[in-house]
Asker: 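Let me give you the structure first, and then I'll get to my questions.
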Amino acid sequence: MSGLFDDQAPPPSREPLESGAVLLRGFAGAEAETLIAGVKRITESAPFRHLVVPSGRTMSVAMTNCGRTGWVSDRSGYRYDHLDPASGRPWPPMPDAFLDLARRAAEEAGFAGYDPDACLINRYAAGAKLGLHQDRDENDAWAPIVSVSLGLPAVFLWGGRRRADPIRRMLLQSGDVVVWGGPARFVYHGVAPLKPGEHPLTGDVRINLTFRKVF
């Protein structure tokens, strides 16, 4: 394939967002193929699925998990579960490459000793989005969220501590990593509807890895 995605990627750079939050441009670029290969292995035993939220709406984003626990949702609410409800088996273990990347990104953002319990793996097709929300299902309210973008670009929405606060819109490219924790842990954030496209790494979708320290 030719075009935008064949251009040489810029060197990694660090863009502070606010206290406790940073955008690491290109931080995972060199490992993107390895990460996608890991996603493919995980989804062989824990396939992507569209979860239902408590309101009864089906999420436009397809997802699965790996690690010691996984995030799930249904009509009864949001929660973490050590077992995949679809199979009754534990979630696939987190690949070493995933864990190593999450720890290095967290340390770069000022959070040393990061040990995530879960990696949520989201797949965005054209039109899929993630509304503004706070991540509040974790017992650890200080350890950071580490979010890795792979494949098609997406517009990341970065708000404040109230839903009505102004929103910043940031274009994330494949390999970009956003880390937020500590004083920024409960910032509202989301993803705008994905635009159609084609990426040599993931085809017509975007993959997002979201690492969380739950317990």
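What you are looking at is a predicted structure, and each value in this text was computed from that prediction instead of being measured.
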Asker: Has Glu15 got a side-chain atom pairing as donor or acceptor with Leu23's backbone, closer than 3.5 angstrom?
Answerer: no
Asker: Has His82 got a side-chain atom pairing as donor or acceptor with Arg68's backbone, closer than 3.5 angstrom?
Answerer: yes
Asker: Identify the residue among Asp137, Thr210, Thr64, Asn65 that makes a side-chain hydrogen bond (donor to acceptor under 3.5 Å, both in side chains) with Trp71.
Answerer: Asp137
Asker: Quick check: does any side chain N or O of Thr43 sit under 3.5 Å from a backbone N or O of Ala46, one acting as donor and the other as acceptor?
Answerer: no
Asker: Starting from Leu83 and following side-chain heavy-atom contacts under 4.5 Å between hydrophobic residues (I, L, V, M, F, W, Y), which residues can be reached?
Answerer: none
Asker: Is a side-chain donor-acceptor pair under 3.5 Å present for Ser174 with Asp176?
Answerer: no
Asker: Measure the shortest side-chain to side-chain distance between Arg162 and Gln134 over non-hydrogen atoms and say whether it is less than 4.5 angstrom.
Answerer: no
Asker: Ion pair present between Arg168 and Glu18, side-chain N to carboxylate O less than 4.0 angstrom?
Answerer: no
Asker: Are the side chains of Ile207 and Ile36 in touch, meaning some heavy atoms are under 4.5 Å apart?
Answerer: yes
Asker: Main chain of Tyr114, side chain of Arg103: is a donor-acceptor contact present, judged purely on distance under 3.5 Å?
Answerer: yes
Asker: For residues Trp158 and Ile167, determine if any side-chain heavy atom of one lies less than 4.5 Å from a side-chain heavy atom of the other.
Answerer: no
Asker: Is it true that Asp165 and Arg161 have a side-chain N and a carboxylate O under 4.0 angstrom from each other?
Answerer: no
Asker: Looking at Lys213 and Glu138, is there a salt bridge between them, counting it only when a charged N and a carboxylate O are closer than 4.0 Å?
Answerer: no
Asker: Filter on salt bridge (Lys or Arg N to Asp or Glu O under 4.0 Å), then keep only pairs touching residues 81-93, sequence neighbours left out; what's left?
Answerer: Arg49-Asp84
Asker: Examine distances only and state if a side-chain atom of Asp117 and a backbone atom of Val214 form a donor-acceptor pair shorter than 3.5 Å.
Answerer: yes
